[in-house]
Amino acid sequence: MNNFHFKKISRTIFLLITFLLITGNSFPQIIFKSPRNANYDINVKLNTKTKILNGSEILTWTNLSKDNIKELQFHLYLNAFKNTNSTFMKEANTGVSKRNQNISTNDWGWIDVLSMKNIDGKDLTSKIKFIRPDDGNKDDQTVISVKLDKPVKPGKTIKLKIDFKAKLPKVIARTGYSGNFYLVGQWFPKIGVYEYPGIRNAKKGGWNCHQFHANSEFYADYGVYNVNITLPNNYIVGAVGLLQKKIENKDSTNTFTYRAEDVIDFAWTASPRFKVVNDMWNNVSIRILMQPEHLSLAPRVQHSLKGALQFFNDNLGKYPYPNVTVVDPPLKGFAAGGMEYPTFFTIISLWHMPSGIKLLEDVTIHEFGHNYFMGMLATNEFEDPWMDEGFNSYFEARTMDSLYGKQKSFIDLFGYHYGTLEYQRSAYINMKNPKIANNYRNSWDFTNGGYGV
C-alpha cells in the first residue's frame, strides 16, 4: 500500500469516527412515524361457503409505561354479534345506533380464541376470562383479560402466538358478508391500550379496553401489520396498507400479503364483482373498488377524494401514507358503507344518484377525513368522540363548501340548494333535548342522537 492510499484511508476512518462521536450512535437512527408498540403478523384463510375465518397471529407488544404489566386485555369485537344479549345488540335494539338490522340465528357472528401462548411455548389459554368493564353485562363477551405468568417490565416486549376462529355475521355495523361481498373489520383479537400518567387524563396506569358498544369504534396503539389473506382465486381483494405480493396456490386459492406501517387497525374486503379504478394524487396511489352497477359514479369519487386530499393537505398537514383504498359495498351490503380504517374506507353509493345530491361526495370526504381524525391522532373514540366525529364533521363541511360551493354543497337540484354545514346544524337542532355544552361524554351516552355531529 503506497503512502497516498494509506493517508486517504486514514482520513476516511477519522471522518467516520468523528461522525459517530457527534451523532452518539453506531448507525444513523431510523425515525418512525409512531411508537410501533403493538405489531401484528397475521395469517387468515376465509371459507366463503361457511363464512368462517381460520386465523393465527403473532402479537409483539411493548410496554411503554413504567409499570410491571401483570395482565393483558383484548377486544373480541365479533362477539358483539353473537346473540341479542351482547351490550352492542341491546343498545342497538333500543335505537341508540342506526347501524343495527334484524339478522337471524344463522347470520350471527362470533370469535373464539383457540389458544394463546408465549412465543417460548408457555400456554396462557386457561388464563383467559371474559370481563365487562363498562356495564357488567354477563352475556357480553367482547373483552378478555389474560393473566401473565410473569410481568412485562417497563420498556420490555412480549410476543404471543394466538390461534383463533371467527364466523362473519351477515353485514351489520362495520363488518360481515352479503352474498359474495365481504368487509372484514373488527375481526381479530386486538390488544387494548395501556394508559399511564401522561396519556390523556390517566392518574395511574391501567388498561383502557371498553366493550363494543353500538356507538363507538376505535382506540388502539400504533403498529406494523403484516397480513396474509387466503381465499378463492376468483376474488379481488383490498386492504389497509400496500399489497406486497400475491401467490397462486395449487388448491385454487390465492394468498395476498399486505403490509401497513404506523396504523391502529387492519381491515380488508373481498368480492369477485369489484371493478377496479386506479388513480394517483401527487405521490399517493388511489384504488377504488366499485360495484359494476355503480361504475359510472367512480369519477365523482375520484374528484371528491382528490379534493379532500388537497384540502386536508393544505389546511391540516401532509397525508402520511403512500396509498388510499375506497370500497363501494353493494346495495344489500349497505350496512358496511360509511366506515373508516387507516388508508382504507367504505362509501355509500346508489345507482343513478343525481349529481345535484352529493351524498356520495360527502361520505367520501367524511370517511377519508377519519385518516386524520382519529387515524393520525389515535384519539379515544369511546370516550372522546368529539375529537373524532366532531372535528372530522367540521372539516368535512369546510371541504365540501370549498369544492362545491357554500350553501349548495350538499344539495343543488332544481333550484333548491342546501349546504353541508347547514345540514349538520339542522341535524343537531333536530336532536331530542340537545345539550350544547355537554359534548364531553362517552360515545354510548349519546342516547338521543348527536354522536356523529
Query raised in the report: Are the aromatic ring centres of Tyr258 and Tyr225 under 6.0 angstrom apart?
Result: no

Requested in this report: Say whether, by atom type as modelled, one donor and one acceptor occur between the side chain of Trp207 and the main chain of Glu71 under 3.5 angstrom.
Outcome: yes

Query raised in the report: For Asp251, does the CG atom have more than 12 heavy-atom neighbours from other residues, nucleotides or ligands under 6.0 Å away?
Result: yes

Query raised in the report: After noting the C-alpha distance and the side-chain angles of Ile158 and Leu148, does the key distance pass the side chain to side chain contact (heavy atoms under 4.5 Å, CB included) rule?
Result: CA-CA 10 Å; Ile158 186 173; Leu148 300 176; 4.0 Å; yes

Query raised in the report: For Leu72 and Leu160, what are the C-alpha separation, side-chain angles and deciding distance, and is it a side chain to side chain contact (heavy atoms under 4.5 Å, CB included)?
Result: CA-CA 11 Å; Leu72 304 178; Leu160 297 178; 3.5 Å; yes

Query raised in the report: Should the ring pair Phe373 and Phe395 be called parallel, tilted or perpendicular, given that the plane angle runs from 0 to 90° and is split at 30 and 60?
Result: parallel

Query - Exam field: side chain Asn323 to backbone Gly241, donor-acceptor pair closer than 3.5 Å - result: yes

Requested in this report: Taking atom types as modelled, find out whether Asp135 and Gln211 have a side-chain donor-acceptor pair closer than 3.5 angstrom.
Outcome: yes

**Report entry** Minimum side-chain heavy-atom gap Arg200-Asn380 below 4.5 Å
**Finding:** yes

Query raised in the report: Between Trp281 and Asn313, does a side chain to side chain contact (heavy atoms under 4.5 Å, CB included) hold up when you go through it step by step?
Result: CA-CA 11 Å; Trp281 176 85; Asn313 184 83; 4.0 Å; yes

Requested in this report: Answer with yes or no whether the side chains of Asp67 and Tyr194 bring together a donor and an acceptor at under 3.5 Å.
Outcome: yes

Query - Exercise: identify the closest heavy-atom pair between Pro189 and Glu57 - result: O-OE2, 2.9 Å

Query raised in the report: Any Lys/Arg nitrogen of Lys306 or Asp279 sitting under 4.0 Å from an Asp/Glu carboxylate oxygen of the other?
Result: yes

Requested in this report: Kindly give the heavy-atom pair with the smallest separation between Thr343 and Val240, and that separation in Å.
Outcome: OG1-CA, 3.6 Å

Query raised in the report: Taking the side chain from Ser178 and the backbone from Lys332, do they hold a donor-acceptor pair closer than 3.5 Å?
Result: yes

Query - Single hit among His366, Glu361, Lys358, Glu396 for side-chain contact (heavy atoms from CB on, under 4.5 Å) with Thr420 - result: Glu396

Query raised in the report: Taking the side chain as C-beta and beyond, is there a heavy-atom pair between Phe334 and Ile348 under 4.5 Å?
Result: yes

Query - Flag side-chain contact, heavy atom, 4.5 Å: His370 against Phe345 - result: no

Query raised in the report: Okay, side chain of Asp221, backbone of Gly223: is any donor-acceptor separation there less than 3.5 Å?
Result: no

Query raised in the report: Atom NE2 in His210, atom CD in Glu381: separation rounded to 0.5 Å?
Result: 12.0 Å

Report task. Starting at CD of Glu340, measure out to CD1 of Ile347 and round the result to the nearest 0.5 Å. Result -> 14.0 Å

Query raised in the report: So, the side chain of Asp123 versus the backbone of Thr125: is there a donor-acceptor pair under 3.5 Å, distance only?
Result: yes

Query raised in the report: Is the shortest heavy-atom distance from the side chain of Phe256 to the side chain of Trp268 under 4.5 Å?
Result: no

Query raised in the report: What distance separates Ile247 CD1 from Asn228 CG, expressed to the nearest 0.5 Å?
Result: 7.5 Å

Query raised in the report: How close do Asn85 and Asn137 get, heavy atom to heavy atom, and via which atoms?
Result: O-ND2, 2.9 Å

Requested in this report: Evaluate the side-chain proximity of His213 to Thr87: yes if any heavy-atom separation is below 4.5 Å, no if none is.
Outcome: yes

Query raised in the report: Does a side chain donor of either Asn79 or Thr142 reach within less than 3.5 Å of an acceptor in the other side chain?
Result: no

Report task. To the nearest 0.5 Å, tell me how far Tyr394 OH sits from Leu421 CG. Result -> 8.5 Å

Report task. Apply the test side chain to side chain contact (heavy atoms under 4.5 Å, CB included) to residues Tyr319 and Asn282: give CA-CA distance (whole Å), side-chain angles for both, the deciding distance (0.1 Å), then the verdict. Result -> CA-CA 11 Å; Tyr319 179 71; Asn282 291 351; over 6 Å; no

Requested in this report: Say whether, by atom type as modelled, one donor and one acceptor occur between the side chain of Asn315 and the main chain of Phe311 under 3.5 angstrom.
Outcome: yes

Report task. Measure the spacing between CD of Glu367 and CE of Met339 and express it to the nearest 0.5 Å. Result -> 7.5 Å

Requested in this report: State, with a plain yes or no, whether a side-chain heavy atom of Ile286 is found less than 4.5 Å away from one of Gln302.
Outcome: no

Report task. Considering non-hydrogen atoms only, spot the tightest contact between Pro322 and Leu242 and give its length. Result -> CG-CD1, 3.5 Å

Query raised in the report: Any donor-acceptor pair under 3.5 Å linking the side chain of Arg132 with the backbone of Asp140?
Result: yes

Requested in this report: Return the orientation label for the Tyr372 and Phe312 ring planes: parallel under 30°, perpendicular over 60°, tilted otherwise.
Outcome: tilted

Query raised in the report: Under the 3.5 angstrom rule, does the side chain of Gln186 hit a backbone N or O of Tyr77 as a donor-acceptor pair?
Result: no

Query raised in the report: Rounded to the nearest 0.5 Å, how far does OH of Tyr321 lie from CD of Glu261?
Result: 10.0 Å

Query - Test item: Thr346 side-chain N/O and Ala336 main-chain N/O as donor-acceptor pair under 3.5 Å - result: yes

Report task. Take atom NZ of Lys275 as the centre, draw a 6.0 Å sphere, and report whether it contains more than 12 heavy atoms from other residues, nucleotides or ligands. Result -> no

Report task. With the side chain counted from C-beta on, respond yes when Thr48 and Asn180 share a heavy-atom pair under 4.5 Å apart, and no when they do not. Result -> no

Query raised in the report: Can you find a side-chain donor-acceptor pair between Thr60 and Asn39 that sits under 3.5 Å?
Result: no

Query raised in the report: Taking all atoms of both residues into account, what is the closest heavy-atom pair of Ser86 and Ala80, and its distance?
Result: OG-O, 2.6 Å

Query raised in the report: Taking side chain as C-beta onward, heavy atoms only, is Thr175 less than 4.5 Å from Pro169?
Result: yes

**Report entry** Shortest non-hydrogen contact between Gly155 and Thr62, atoms and distance
**Finding:** O-CG2, 4.0 Å

Query raised in the report: Below 6.0 angstrom between ring centroids: does that apply to Phe344 and Phe266?
Result: no

Query raised in the report: Taking atom types as modelled, is there a side-chain donor on Ser349 or Asp328 under 3.5 Å from an acceptor on the other?
Result: yes

Query raised in the report: Counting distance only, does the side-chain N/O of Asn371 pair as donor-acceptor with the main-chain N or O of Phe368 below 3.5 Å?
Result: yes

Query raised in the report: Taking atom types as modelled, is there a side-chain donor on Asn249 or Thr255 under 3.5 Å from an acceptor on the other?
Result: yes

Report task. May I ask you to establish whether Arg174 and Phe212 are in a cation-pi arrangement, using a distance under 6.0 Å from NZ or CZ to the six-membered ring centre and at most 45° from the ring axis? Result -> no

